Structure formats: C-alpha cells, structure tokens
Trainee: 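Would you mind keeping the following structure in view while I ask a few things?
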Amino acid sequence: MAKKGTLRAVLVGCGGMSRAWLSAAAERSDVDIVGLVDIDEKNAQSRADEYGLDGAHIGTDLKVVLGEADPDVVFDVTIPSAHTNVTVTALKHGCHVLGEKPLADSMANARRSLRAAQQAGKIYAVIQNRRYNPNIRRLRRLLAKKPLGQLTTVNCDFYIGAHFGGFRDRMEHVLLLDMAIHTFDQARLITGADPVSVYCQEWNPAGSWYDHDASAICLFEMSDGLVFTYRGSWCAEGLNTSWECDWRIVGTKGSALWDGGEGIRAQAVRKGGGFHAEMRDLAVPELSARDRVGGHAGLIDEFVHCVRRGRTPETVCTDNVKSLAMVFAAIESAKKGRKVAVKY
Ligand SMILES: NC(=O)c1ccc[n+]([C@@H]2O[C@H](COP(=O)([O-])OP(=O)(O)OC[C@H]3O[C@@H](n4cnc5c(N)ncnc54)[C@H](O)[C@@H]3O)[C@@H](O)[C@H]2O)c1
C-alpha cells in the first residue's frame, strides 16, 4: 500500500456501470484508483479523464496493468462472460476482488472463481446492491424476531415493461440471468433460507420485443419446507411493479406485504379460534445505524472494511453462489420441463 491505510485499486471494465463504482470510490479518501483496464482503451481513457485520474495506469491487458500498478484490490465491472477470467487473474496476482453481479456466466465458471479465491486466501465478493436497500433491511428487521412464526410461503411478482433497446433484447434467458439474480438473492436475505429445488417455466409472451424468453414463473422449495414463488416479466406493459418486486410473506402466525418501496405492512394473530383469527398490526421498525445500506457505495464500504480487518463480506462468493445456483437451476428446469435440484 502506498499511503498508509489507503487501498490501491484497479478497475476493469469501463462501461456504463463503472460510473457508479468510480463515483463511490471518489467519495472515499481510503481508496486510490491506480489503474483502469478495458478491452477498448478509449473507454478506460475517457473514465480517467472524467474522474481526473491522471496518474492511473491505463491499458487493455489486466495482467500488464496489475504488474505496473501493483494494486491491493481489483474492481471487476466487465460483462458477465468476462467475470471469471478477470477474477481468477486478479486473485492469482494476490488481489482481493469485488465484482459486479452475476458471480459468473455458468456454475462451472463460478466454481473456478471460488477455487481461485480459496487457493489465494483472498476475498472475492459480489455486488448485490438490491440487498443494500433501506426498506429490505427494515423488512428483515421486522421478521428477525419471528412475529409471523415459522415462514411457510413467500410470493413475489416482478412486472416491468422495459424497452432497453440494447444487448438485452437479443439475450437468452434475459429475465432470469440479468434481473432475477437480484430477486432470488433478495428472497434469500428476507427468508434466511437456502434453495433446495425449483420448477420453472420460461416463455416469450405474444407481442414481445425481446428475441428470447422475457417472462418466467418459478416455484422454489427452500430449506425448512418454505415455498418461494417468483412470477416475472420484462415484457408487461402497464401497472409496473417496483424494481424490488411486490412481496407477500406468510408465516404460521401472520403475514407481511412489501411493495418494494416504503410500503411495508404486517399482521400477526392476536386471538385464534374463530373462522378468521383476530389480527393485530405490527409496527415496522426504523432503519438502524447497523443496517447495511447504500447500494454500490455501501457494498464498497463493507468490502474495504473487510479487506482491512480480515473479515468476511455479506456477499462473499461462497454465499452468493447460492443465489447464482437458483438462476441456473431455474434455467435448467425450464429446458428440461421438470423440477430440478438447486446445486451449489
Ligand atoms: N448491480 C446492478 O444494478 C447492475 C446494473 C447494470 C449492470 N450491472 C452489471 O455490471 C456489469 C457491467 O455492465 P455495464 O452495463 O457496465 O456493461 P457495458 O457493456 O456498458 O460495459 C462493460 C465494459 O467492459 C468492457 N469489457 C468487456 N470485456 C472485458 C474484458 N475481458 N476485459 C476488460 N474490459 C472488458 C467493455 O469494453 C465495456 O467497456 C455486468 O456484469 C452487469 O450485469 C449491474
């Protein structure tokens, strides 16, 4: 490390999302961006100009820039098919890695990255910014003391008519791979449960502006017998849900609703015995200073803290791989037309 306590970082992949990362890094005095890499050098140079990173090493080859800049950490903001090679290269160089979602473009590649992290003894964590959202943390705080009893059922709807007009219009499994990874990961955060099996049907609805399946319904069996259902589409005009989805959470003693924004409601049984139980409204807790929030900036903050103190981030690859496995199992189920086990 050059300045005492300052982490030297190389960022790889200087496209659209890199701005969120570089803006978050610019707010910190303990992270120096010492290198920018992109297969298209113009992209790296233009981010260096935009963020005033005059001293940063610029290049198209990660290995060369790692040799020149000697960073402590690598930020991987490349496209999904490049994540494994970038991650493994950085880990082999002795760097900790924080990478964009998804962890990898296949389970085989995910396992390569997990092995490399273990062999290097370094952290590899993944950005899942939708779990660093204040309202999901309030919901989790509400559920933590189990006022709904044992959770039995979680239903979630995602309906957004999204006209991206870019690579997503041509992409296979676009909804499951590019978006549902966030939702499945949120389901794991909300329930604390691990995935066991899934049945999924994917289709491209009539009138779709996508080349491939943009709608899906998944039925997951989770640990403890919990059932989690996901209904989603990026090709549904009108009455959009939020990007965080619409949720219903059912337990043995009550239910909760979350609209993805500030709208959280919950009721628990006050008195049973009648046709309908008598219910009471539950107070929704405020955010605590200990809650992990802040999207990309929050995740980068936690990563820096963990690198410094030798701790493990919440989205470490060995945990995040469970969310990725839900995506690939759903795709496998849709292809086979039957229920499959979620393996990770
Ligand atoms: N967390 C979120 O909410 C969120 C939102 C959008 C995108 N993303 C993720 O961020 C990542 C990047 O997405 P984007 O929208 O910035 O894409 P993009 O296409 O705008 O940018 C990707 C950049 O990576 C470069 N690149 C590709 N392969 C490379 C390689 N092997 N080495 C170096 N550079 C390489 C490209 O030239 C391009 O400049 C993806 O994994 C995407 O899923 C996350």
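Residues take their numbers from the sequence shown, with the count starting at 1. Just follow the structure's listing: the first ligand is 1, and inside any ligand the first atom is 1. What you see is a predicted model, and the numbers here were worked out from it, not measured in a lab. What's counted below: heavy atoms across the whole structure, side chains too, no hydrogens, waters or symmetry copies.
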Trainee: Tell me whether the centres of the aromatic rings in W234 and F164 are closer together than 6.0 Å.
Mentor: yes
Trainee: Taking NZ, NE, NH1 and NH2 as the nitrogens, is one of them in R47 or E50 under 4.0 Å from a carboxylate oxygen of the other?
Mentor: yes
Trainee: So, using side chain to side chain contact (heavy atoms under 4.5 Å, CB included) as the criterion, who are the partners of V196 when residues are at least two apart?
Mentor: E221
Trainee: Please confirm whether the backbone N or O of A162 pairs with a side-chain atom of W209, one donor and one acceptor, at under 3.5 Å?
Mentor: yes
Trainee: Would M17 count as a polar contact of ligand 1, with the cut-off being nitrogen or oxygen pairs under 3.5 Å?
Mentor: yes
Trainee: Select the closest option to atom 19 (O) of ligand 1 among I79, D76, L62, judged by heavy-atom distance.
Mentor: I79
Trainee: Counting heavy atoms only, which of L36, D38, D178 comes nearest to atom 38 (C) of ligand 1?
Mentor: D38
Trainee: Could you check which of C14, G15, G13 puts a non-hydrogen atom nearest to atom 21 (O) of ligand 1?
Mentor: G15
Trainee: Which protein non-hydrogen atom lies closest to atom 31 (N) of ligand 1, naming both residue and atom, and how far is it?
Mentor: A82 CB, 3.5 Å
Trainee: Quick one: look up the protein heavy atom nearest atom 3 (O) of ligand 1 and list residue, atom name and how far away it is.
Mentor: N129 ND2, 3.2 Å
Trainee: Counting each atom of ligand 1 from 1 as listed, which ones have a heavy atom of V12 under 4.0 Å away?
Mentor: 33 (C)
Trainee: Please confirm whether R130 comes within less than 3.5 Å of ligand 1 when only nitrogen or oxygen atoms on both sides are compared.
Mentor: no
Trainee: Going by an N to O cut-off under 4.0 Å, is there a salt bridge joining D70 and R8?
Mentor: no
Trainee: Is any side-chain N of the basic residue among D259 and R265 closer than 4.0 Å to the acidic one's carboxylate O?
Mentor: no
Trainee: Measure the distance from atom 30 (C) of ligand 1 to every protein heavy atom, then report the residue, atom name and distance (to 0.1 Å) of the closest one.
Mentor: I39 CG2, 3.7 Å
Trainee: Quick check: H83 and ligand 1, any N/O pair under 3.5 Å apart?
Mentor: yes
Trainee: Is D178 paired with K101 through a side-chain N to carboxylate O contact shorter than 4.0 Å?
Mentor: yes
Trainee: To which of V77, N43, T78 does the heavy atom nearest atom 40 (C) of ligand 1 belong?
Mentor: T78
Trainee: Where the closest heavy atom to atom 44 (C) of ligand 1 is concerned, which of E100, H182, Q128 has it?
Mentor: E100
Trainee: Would you say ligand 1 has an N or O under 3.5 Å from any N or O of R168?
Mentor: no
Trainee: Where the side chain of W21 meets the backbone of A24, is there a donor-acceptor pair that is under 3.5 Å apart?
Mentor: no
Trainee: What protein heavy atom sits nearest atom 42 (C) of ligand 1, and how far away is it?
Mentor: K101 O, 3.8 Å
Trainee: For S323, give me all partners under side chain to side chain donor-acceptor pair (under 3.5 Å), at least two apart in sequence or on another chain.
Mentor: D185, R188
Trainee: Shortest non-hydrogen contact from S255 to L148?
Mentor: N-CD2, 3.6 Å
Trainee: For G16 and ligand 1, does the shortest N/O to N/O distance drop below 3.5 Å?
Mentor: yes
